[in-house]
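Reading through the structure tokens given below for one structure.
Hydrogens, waters and symmetry mates are skipped; everything else that's a heavy atom, side chains included, is used. Labels below follow one simple rule: chain letters A, B, ... track the order of the sequence lines, proteins then strands, and each chain is numbered from 1. The structure displayed is predicted, hence computed values, not measured ones.
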Protein chains: 2
Amino acid sequence: MGDFERPGDVLLADCPARTTLDLVADTWSVVVVYALGRGPRRFSDLGTLIGGISKKMLSQTLRKLERNGLIQRRTIPARPPGVEYRLTPLGESLLEPIGMLSRWAETHADDVVEAQDQLVGV
Amino acid sequence: MGDFERPGDVLLADCPARTTLDLVADTWSVVVVYALGRGPRRFSDLGTLIGGISKKMLSQTLRKLERNGLIQRRTIPARPPGVEYRLTPLGESLLEPIGMLSRWAETHADDVVEAQDQLVGV
DNA sequence: CAGTATCCTATCGGATACTG
DNA sequence: CAGTATCCGATAGGATACTG
């Protein structure tokens, strides 16, 4: 190998960096973390806030992120009883990267649509 | 609606922003764009550069990104004949967001592993 | 070299129904 | 409210073989 690669690079298969990228590089993970960036939320509130997500995927995504230390689940002893999810410091550290990615998607969505049309024809 | 949401937000289902996020929020898309950030590359070179990717997924990912205007495919009339992929300006605009995401994965991979171990037990 | 085609398995993801 | 369980079709993704 040369000095071209750094160990732990996302280009390397099976390294922790790649595995970690795998963990967050999917739409639901990005959107859930993005939504929790607004502050702690209940399960049902997240379901409302995030358009198009099913209870199943919301639950799965929350548990995956929890297993990997990005979010924390807490039972609220209030009335009515409920559950609250919040970002951990690790999860918060992800807010800036996915914020940039989300902003890119919002900003360049029209460019993508235009490129698609270009290829289909006038 | 309140002033809480912006139209085109990734939180909204089926809007162009969400669709565009969907397009790039997966591991192979991120890694392929990341790899092409080093400059134009041939198909086989990308396969070597990107660890663990199969020809099938590389091909599929390249075509998807091409269809959506992020990369451009060009046939090289050189010897030996080949094909070269490069980022379009739109693709280049994605380099900073995914660069941040990749750097996050590299930096926080150990935190994730630690969090996993914590939950499994000592 | 640069792919496509096929096969097969695993996961994604929605819908629905049920539980505490 | 906050989920889990089950069913089902669609897609992801690897392996292998084949093509121009």
**OP:** Test side-chain contact (heavy atoms from CB on, under 4.5 Å) on R86(B) and I71(B) and set out the steps.
**Re:** CA-CA 6 Å; R86(B) 67 171 66 225; I71(B) 67 180; over 6 Å; no

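Rounded to whole angstrom, the span from the CG atom of D26(A) across to the P atom of dA10(C) amounts to 21 Å. Distance, L62(B) CG to dC1(C) P: 16 Å, rounded to whole Å. When rounded to the nearest whole Å, the span between CG of D14(B) and P of dG14(C) equals 11 Å. One interatomic measurement links the two molecules: CG of L58(B) to C1' of dT4(C), which rounds to 13 Å at whole-angstrom precision. Going from atom CZ of R74(B) over to atom P of dA2(C) covers 12 Å, rounded to whole Å.
Within the 4.0 Å cut-off from OP1 or OP2 of dG3(D), at least one side-chain nitrogen or oxygen of R73(A) is found. Of the side-chain N and O atoms in S54(A), none sit less than 4.0 angstrom from OP1 or OP2 of dG13(C). Contact between the side-chain N/O atoms of Y85(A) and the OP1/OP2 oxygens of dC1(D) is not found at any separation under 4.0 Å. Distances shown here put every side-chain N or O of R42(A) at or beyond 4.0 Å from the OP1 or OP2 atom of dC1(D).
Sequence order on DNA chain D of the closest nucleotides to F43(A) and Q60(B) puts F43(A) first from the 5' end.
Within the shown strands, dC18(C) is the pairing partner of dG3(D) under the Watson-Crick or G-U definition, both distances less than 3.5 Å.
Residue-environment remark: CD (Q60(A)) exceeds the threshold of 12 foreign heavy atoms within 6.0 Å.
You'll find that the side chain of S59(B) is closest to dT4(C), out of dG3(C), dC1(C), dT4(C). Side-chain proximity of K55(B) to the nucleotides dT4(C), dG14(D), dC1(C) is greatest for dT4(C). In this structure, the nucleotide among dG13(C), dG3(D), dG3(C) sitting nearest to the side chain of K56(A) is dG13(C). Comparing dG14(C), dA2(C), dG13(D) against the side chain of M57(A) picks out dG14(C) as the nearest.
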